[in-house]
Number of protein chains: 2
Amino acid sequence: MVSTPLPYRPHNHAACVEQALADARRICTDASARLTPTRERVLELIWQSHKPLGAYDLLAALTLDGHNAAPPTVYRALDFLQQHGLVHRIASLNAFTGCTHAGDHHTGFFLICRQCHNVLELASPDLDGAVEQAAQAQKFAVEKSTIEIAGLCPACQSGTPPEGTHCHE
Amino acid sequence: MVSTPLPYRPHNHAACVEQALADARRICTDASARLTPTRERVLELIWQSHKPLGAYDLLAALTLDGHNAAPPTVYRALDFLQQHGLVHRIASLNAFTGCTHAGDHHTGFFLICRQCHNVLELASPDLDGAVEQAAQAQKFAVEKSTIEIAGLCPACQSGTPPEGTHCHE
DNA sequence: ATTAGCGATGTTATAATGTTTCACTAATTT
DNA sequence: AAATTAGTGAAACATTATAACATCGCTAAT
Ligand SMILES: [Zn+2]
Ligand SMILES: [Zn+2]
Ligand SMILES: [Zn+2]
Ligand SMILES: [Zn+2]
């Protein structure tokens, strides 16, 4: 299992990506799902960025690969990756990010820096519990939680946004 | 102040809408903000539906009014209404709903029925606290919370989805 | 080997959502 | 009244996502 990434701190990103891909291969094998070249490449691109990528960012990257891809190519790959818990869609950004808890059943939530655009995925039983409790009070049956917290990451609060390529600049 | 709406139960909807509009007028007056006819009409349309409406749903409704509106007309009105806490955008639906706590400073969250598309806005200090605590543990400064819970409302769980017009049907 | 089935992909077109820009008008301030 | 500001109209454009249908490649039964 990939360790929780630390997008706010330096790390060996190539190894980080490779670990995520290795995990994905295993997860798909276990599920008898086919992590085809296109799907794997999309996942790799998402992990390489470590910041949420839009579908058309991915499309452009595939085009650079020489892959003559159209929007459905990307959206299909993203659907597959989401269904197998390998990526999450960030609704407030219309973008996709690698799941850092792939394989676990989990309800993630996201801390999204509005300045450097880094995203940190966390899981909090307390938060899940608070959601479930509030829902139960209304007799509402929870199926899917979308919890996206926008603000400033520690680095950006201190005026030193993390260096590195930002894919939407 | 408008009482908490009960979208899952019958109510005098015309009075509900009128109350929301009266509240909005007062809030805007207090803030020296201009609730112009277009803005007020958009707010009225949103409240009349009592289910989230997309920007282009609103645009179509304005067109039916005889208002020769273009997309920016709607988005500008929505921006104004959001800035004054009169409507919320539901990111997971690309749609807008009337704020049931207008005037309060609050961090709302939403229970969204995937079947009847009713939305219930709630505020939960426990939930807010869990979010703030999880963020603080990462030294993340929260600015805006997007918490949208999808599932089934009580009526739809029991197989009797609330009657009434559904605007996206 | 043949062929029907099926998942995945290619391809084109289109739908749905959201923004930029500039010219113009109405309201407010001085 | 003049200057300033806020709001609107209108056209074009940009971005995000899906529909529809053809095709390819593998597999499994015939
Ligand atoms: Zn995850
Ligand atoms: Zn940051
Ligand atoms: Zn609200
Ligand atoms: Zn329902």
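Chain A is the first sequence line, chain B the second, and so forth, proteins listed ahead of strands; every chain is numbered from 1. The structure displayed is predicted, hence computed values, not measured ones.
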Which nucleotide wins on minimum distance to the side chain of Arg39(A), given the candidates dG18(C), dT9(C), dG7(D)? dT9(C)
Of the non-hydrogen atoms in Leu62(A) and Leu45(A), which two are nearest, and what is the gap between them? CD2-CD1, 4.0 Å
Distance-only donor-acceptor test, Arg76(A) side-chain atoms vs dG10(C) base atoms, 3.5 Å: yes
Assert: residue with more 5' nearest nucleotide on DNA chain C, out of Ala77(A) and Leu93(B), is Ala77(A)
Return yes if the base of dA15(C) and the side-chain atoms of Tyr56(B) contain a donor-acceptor N/O pair under 3.5 Å, otherwise no. no
With respect to the side chain of Ala70(A), which nucleotide from dT20(C), dT9(C), dT12(C) is positioned closest? dT12(C)
So, is Thr38(B) near the phosphate of dG7(D), with a side-chain N or O under 4.0 Å from OP1 or OP2? no
Any donor-acceptor pair under 3.5 Å linking the side-chain atoms of Asp79(A) with those of Gln83(A)? no
Does the ring of Tyr75(A) lie flat against the base of dT18(D), closer than 5.5 Å centre to centre with planes under 30°? no
Figure out the CZ/P separation between Phe80(A) and dA8(C), and round it to whole Å. 7 Å
Is the distance from OP1 or OP2 of dT8(D) to the nearest side-chain N or O of His67(B) less than 4.0 Å? no
Below 4.0 angstrom from OP1 or OP2 of dG9(D), is there any side-chain N or O of Asn68(B)? no
Can a side-chain donor-acceptor contact be found between His106(A) and Glu121(A) if the only test is distance below 3.5 angstrom? yes
Heavy-atom nearest nucleotide on DNA chain D for Asn94(A) versus Ala33(B): which residue maps closer to 5'? Ala33(B)
Below 30° counts as parallel, above 60° as perpendicular, anything between as tilted: where do the rings of Tyr75(B) and Tyr56(B) land? perpendicular
dA8(C), dG9(D), dT18(D): which one has an atom nearest the side-chain heavy atoms of Arg34(A)? dA8(C)
Per atom distances to the Pro72(B) side chain, the nearest of dT8(D), dT9(C), dA11(D) is dA11(D)
